[in-house]
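Order of listing sets the numbers, starting from 1, for every ligand and every atom in it. The chain is numbered in sequence order, starting from 1. Quick caveat: nothing in here was measured; it's all calculated off a predicted structure.
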Amino acid sequence: MAQQPFQGVLLSADTIAQRVQELGAQISQDYAGRSPVVVCILTGAMMFFCDLVRCIDCPITIGTMSISSYGDATKSSGVATIDKDMDIAVQGRDVLIVEDIIDSGLTLSYLIDVFERRNAHSVKIVALLDKIERRKVEIEPDYRGFEVPNHFLVGYGLDFANRFRQLPYVAILHPDYAASHSPS
Ligand code: IMP
Ligand code: MG
């Protein structure tokens, strides 16, 4: 029999939608009277980003950036690099980074440094998912959707080897599936 890809659904589409609305309301309140640059970290955060920005009611500028930190496997390479930079100047602007998941924290600590060196007025983070127990560097999101256990997660933008991003929910990838489908 073919290996089942998932161990189960961790967060349903409804649960995610409810939390995204709450985050959007909180962000709208905190940024009232301001006009932040809201940055989508591609590709993983795209679903979350699209849903979140539609729940933010202050004027925003949208930017996208692509960062490599994981490659295709389930282990962090420990290094982050910018694959595609943003074409919006952030000097003197409030920057809100939208990320799918924080694991070691290396990607976000690298990005915060990038925006601080570009003289952003403020840099904040909203992360849908947070694997707090995996942290290697001290970093706390300003807005957190859900604290999640240490499993490899897919769906709602998150991938394994570029698959499963289109799922409307977040599922736990079966470790046997990961082992037998891991790109070498
Ligand atoms: P960090 O730099 O170790 O915090 O890794 C963050 C990045 O790793 C995220 O933006 C994701 O792209 C990826 N990542 C971490 N955990 C998972 C997971 O469980 N599923 C899919 N991608 C993940
Ligand atoms: Mg990512």
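Within the 4.0 Å heavy-atom shell around ligand 1 one does not find K136. No heavy atom of L129 sits closer than 4.0 Å to any atom of ligand 1. Within the 4.0 Å heavy-atom cutoff, R135 does not count among the residues contacting ligand 1.
Judged by distance alone, the side chains of S122 and R93 never bring a donor and an acceptor atom under 3.5 Å apart. Residues Q18 and E22 bring a donor and an acceptor atom of their side chains to less than 3.5 Å of each other. Using a 3.5 Å distance cut-off with no hydrogens or angles, the side chains of Y156 and D51 do pair a donor with an acceptor.
Aromatic ring centres of F164 and F6 lie closer together than 6.0 Å.
Annotation for ligand 1: atoms under 4.0 Å from non-hydrogen atoms of L153 are 18 (C), 19 (O), 20 (N), 21 (C). Near S104, meaning under 4.0 Å from any of its heavy atoms, are these atoms of ligand 1: 1 (P), 2 (O), 3 (O), 4 (O). For ligand 1, the atoms lying closer than 4.0 Å to a non-hydrogen atom of T107 are 1 (P), 2 (O), 5 (O), 6 (C). Interface atoms of ligand 1 facing H151, defined by a heavy-atom separation under 4.0 Å, are 19 (O).
Between the side chain of S109 and the backbone N or O of L106 there is at least one donor-acceptor pair closer than 3.5 Å. Side-chain N or O atoms of D142 include one that pairs as donor or acceptor with a backbone N or O of I125 at under 3.5 Å.
Residue contacts with ligand 1: D159 is placed with no nitrogen or oxygen under 3.5 Å of a nitrogen or oxygen of the ligand (distance criterion only). Between G105 and ligand 1, at least one pair of N/O atoms sits closer than 3.5 Å. Where the criterion is an N or O separation shorter than 3.5 Å, residue side chain and backbone included, F152 fails it with respect to ligand 1.
Scanning D130, I67, I101 for the heavy atom closest to atom 23 (C) of ligand 1 points to I101.
With a heavy-atom cut-off of 4.0 Å, L158 touches ligand 1 through its side chain alone.
A salt bridge does not link R135 with D103: none of the charged nitrogens is closer than 4.0 Å to a carboxylate oxygen. For the pair R118 and D113, the salt-bridge criterion is not met [side-chain N within less than 4.0 Å of a carboxylate O].
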